[in-house]
Amino acid sequence: MTLVTFAVIFIFLSMLGLIGPQYQSEVPTSIWIFIAYSAVISFVYQNWAGFGISIAYILIALYFNYYQQVIQPYFVEELLNIALIASFIIFIFATMEYLNWVPEWDYSFISPEINRIHNGRAEATFANPNYYAMMLEFFFFIALYKFMRTTKLRKKIVFLLIGFCNLFATVYTGTRTSLLVVIGTLFVFYYIMGYKKIAIGTFLTGTISVLIAIKLGLLPRFEDLGFAFEDRFVIWDIALKGLRDNFWFGQGPLTYLMIWQDYGEKYTQHAHNIILDTLLSYGVIGTTILAIPIVSLARNINQMRKYPILRRRLALICSFGSVVLLHGMFDLTIFWLQTAFLFLFIVLAANNMLKEVEAHPELQGNLSDYARD
């Protein structure tokens with residue numbers, strides 16, 4: 001549904017003349033260089049899946065370039081509300097799926113690999129429990145942001161309820177890293193907000209609570225935590241061997257899927273580590289090119305620190321970055337349509353949030369957040 005929706009919107013904007021090749025000059029040059037590099041290196045190594053993904057990058061770059069230019073901060077708030085409402089509906093379905101009241105979605109018409117059965121784990125509408133887990137992490141911090149933003153008691157209660165439901169649903173996914181990601185990101189969120197004591201207290205309380213829950217056997221799939229780490233070490237060892245033999249260039253997206261048989265017996269689509277997989281796929285050269293637009297965006301986000309009025313939004317954006325990095329240490333769940341798009345919808349709005357405040361001097365003082373719900 002995400003892919004179909006994206007295609008419809010892209011075609012609609014193209015017909016209106018709002019998006020297309022004529023706007024390619026507005027996309028940062030470093031992004032075009034990276035896309036060209038990804039396509040060429042995939043073609044050279046006959047990585048046809050990677051080549052297809054590289055072509056898709058062109059459409060994504062054009063679309064999100066348009067989005068970044070036109071998105072208004074007030075509408076981001078509406079997108080967040082829509083995401084929370086949808087997350088609660090999905091939570092209801094995930095509950096029924098976890099209780100075996102409804103079966104998992106059948107994705108076999110797309111690929112037999114996607115349609116693997118996840119016994120005792122809910123994937124909701126995201127094809128894999130791990131993707132749903134990252135979405136839940138995003139949803140939780142959206143709810144926390146909204147809870148901190150609103151002054152109305154009834155809305156605080158609603159956001160608190162939705163946030164709790166999404167946090168609880170991480171248990172449905174059986175993803176071992178989710179609670180650890182939430183704890184680490186809570187520290188980031190409150191620290192950016194300026195609540196340093198709360199950040200430390202939340203981190204310590206959450207860590208101790210999770211350790212106790214693991215000891216008591218209350219969290220699913222933690223009983224075989226040793227096997228999980230052993231499994232990751234095998235994958236990382238294969239990826240490191242592949243990286244050693246192609247350190248500079250990589251072989252394009254999904255390189256691990258191409259080379260795993262040459263170095264081991266562990267089949268999977270990626271290296272289950274965002275740093276290692278990026279280096280494996282694009283090499284040092286491609287990774288360096290990719291880092292240029294990322295650093296540029298990070299600098300703009302950092303500028304939001306100058307304005308107290310943007311502190312809550314900065315905390316939300318930084319929490320999204322924290323989720324990607326922390327979860328990315330053990331899985332590559334950001335490399336998926338639904339997770340990547342939700343991340344980009346929020347993070348790429350930072351530039352216009354900053355421009356809005358810079359264009360209105362009356363918003364630059366030590367004010368409480370304006371336009372509260």
Side-chain angles (χ1 to χ4, degrees), residues 1-10 19 27-28 31 34-35 38-39 42 49-50 52-68 71 76 79-80 82-83 86-87 90 107 110 114 123-142 173 175 177-178 181 185 252-257 269-278 281-282 286-287 290-291 293-294 296-298 301 316-351:
M1 289 181 66
T2 303
L3 184 58
V4 171
T5 302
F6 172 74
V8 170
I9 294 174
F10 192 91
I19 195 172
V27 179
I31 292 181
F34 171 75
I35 292 174
S38 180
S42 297
I53 292 172
S54 301
I55 299 303
Y57 284 162
I58 298 174
L59 304 179
I60 294 172
L62 289 171
Y63 175 80
F64 278 105
N65 173 69
Y66 171 78
Y67 175 86
Q68 189 173 27
I71 188 63
V76 175
L79 292 178
L80 296 177
I82 293 170
S87 76
I90 293 170
Y107 300 97
I110 300 174
I114 298 179
E123 53 83 24
T125 59
F126 300 97
N128 186 292
N130 296 326
Y131 297 138
Y132 183 36
M134 175 168 275
M135 294 296 287
L136 288 169
E137 293 156 14
F138 287 151
F139 293 147
F140 173 77
F141 283 99
I142 292 173
T173 69
T175 303
T177 56
S178 279
V181 170
T185 304
L254 299 181
T255 290
Y256 184 96
L257 190 60
Q269 291 184 340
H270 49 74
H272 284 70
N273 180 282
I274 192 170
I275 297 174
L276 184 55
D277 193 82
T278 302
S281 296
Y282 305 112
T287 301
L290 178 60
I294 293 176
S296 177
L297 177 61
I301 292 173
L316 176 64
I317 291 171
C318 289
S319 68
F320 268 48
S322 173
V323 165
V324 171
L325 289 175
L326 292 178
H327 205 133
M329 292 298 102
F330 298 95
D331 207 348
L332 203 63
T333 43
I334 192 59
F335 198 57
W336 186 249
L337 278 172
Q338 293 141 314
T339 53
F341 276 33
L342 181 58
F343 174 78
L344 292 173
F345 282 143
I346 306 306
V347 173
L348 292 183
N351 286 340

### Task
Run the numbers on Val323 and Phe343 for side chain to side chain contact (heavy atoms under 4.5 Å, CB included), then give the verdict.
CA-CA 10 Å; Val323 165; Phe343 174 78; over 6 Å; no
Backbone of [Y] reached by a side-chain donor or acceptor of [X] within 3.5 Å:
| X | Y | result |
| --- | --- | --- |
| Asn273 | Phe330 | no |
| Ser38 | Ile35 | no |
| Tyr107 | Ala127 | yes |
| Thr255 | Gly252 | yes |
| His272 | His270 | yes |
| Ser54 | Gly50 | yes |

### Task
Step through it carefully: locate the ring centre of Phe126, locate the ring centre of Tyr132, and say whether they are under 6.0 Å apart.
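Judged by ring-centre distance (under 6.0 Å), Phe126 and Tyr132 do meet the cut-off.
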### Message
I need the single residue from Ile274, Leu276, Val181, Thr177 that forms a side-chain contact (heavy atoms from CB on, under 4.5 Å) with Met329. Which is it?
### Response
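It is Ile274, the one option of Ile274, Leu276, Val181, Thr177 that forms the side-chain contact (heavy atoms from CB on, under 4.5 Å) with Met329.
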Might you point out which heavy atoms bring [X] and [Y] nearest each other, and give the distance in Å?
| X | Y | answer |
| --- | --- | --- |
| Gln68 | Leu297 | NE2-CD1, 4.3 Å |
| Glu123 | Pro129 | CB-N, 3.6 Å |
| Ile9 | Tyr63 | CG2-CE1, 3.7 Å |

#### Entry: side-chain contact (heavy atoms from CB on, under 4.5 Å) involving Leu79 - partner list, sequence neighbours excluded
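Per chain and number, Leu79 pairs via side-chain contact (heavy atoms from CB on, under 4.5 Å) with Tyr67, Ile71, Phe75.
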### For Leu337, all residues meeting side-chain contact (heavy atoms from CB on, under 4.5 Å), sequence neighbours excluded
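For Leu337 the side-chain contact (heavy atoms from CB on, under 4.5 Å) partners, ignoring immediate neighbours, are Thr2, Leu3, Phe341.
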Test of understanding: with side-chain hydrogen bond (donor to acceptor under 3.5 Å, both in side chains), list the residues that count as partners of [X], not counting sequence neighbours.
| X | answer |
| --- | --- |
| Ser42 | none |
| Tyr57 | Tyr282 |
| Thr339 | none |
| Thr185 | Ser322 |

### Query
Once you round to the nearest 0.5 Å, how far does CG of Leu316 lie from CD1 of Ile142?
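That separation rounds to 6.5 Å.
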### Message
Using 0.5 Å steps for rounding, measure from the OG1 atom of Thr5 to the CD atom of Gln338.
### Response
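Those atoms lie 10.0 Å apart.
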### Task
State whether the number of non-hydrogen atoms from other residues, nucleotides or ligands found under 6.0 Å of Ile275 atom CD1 is greater than 12.
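No.
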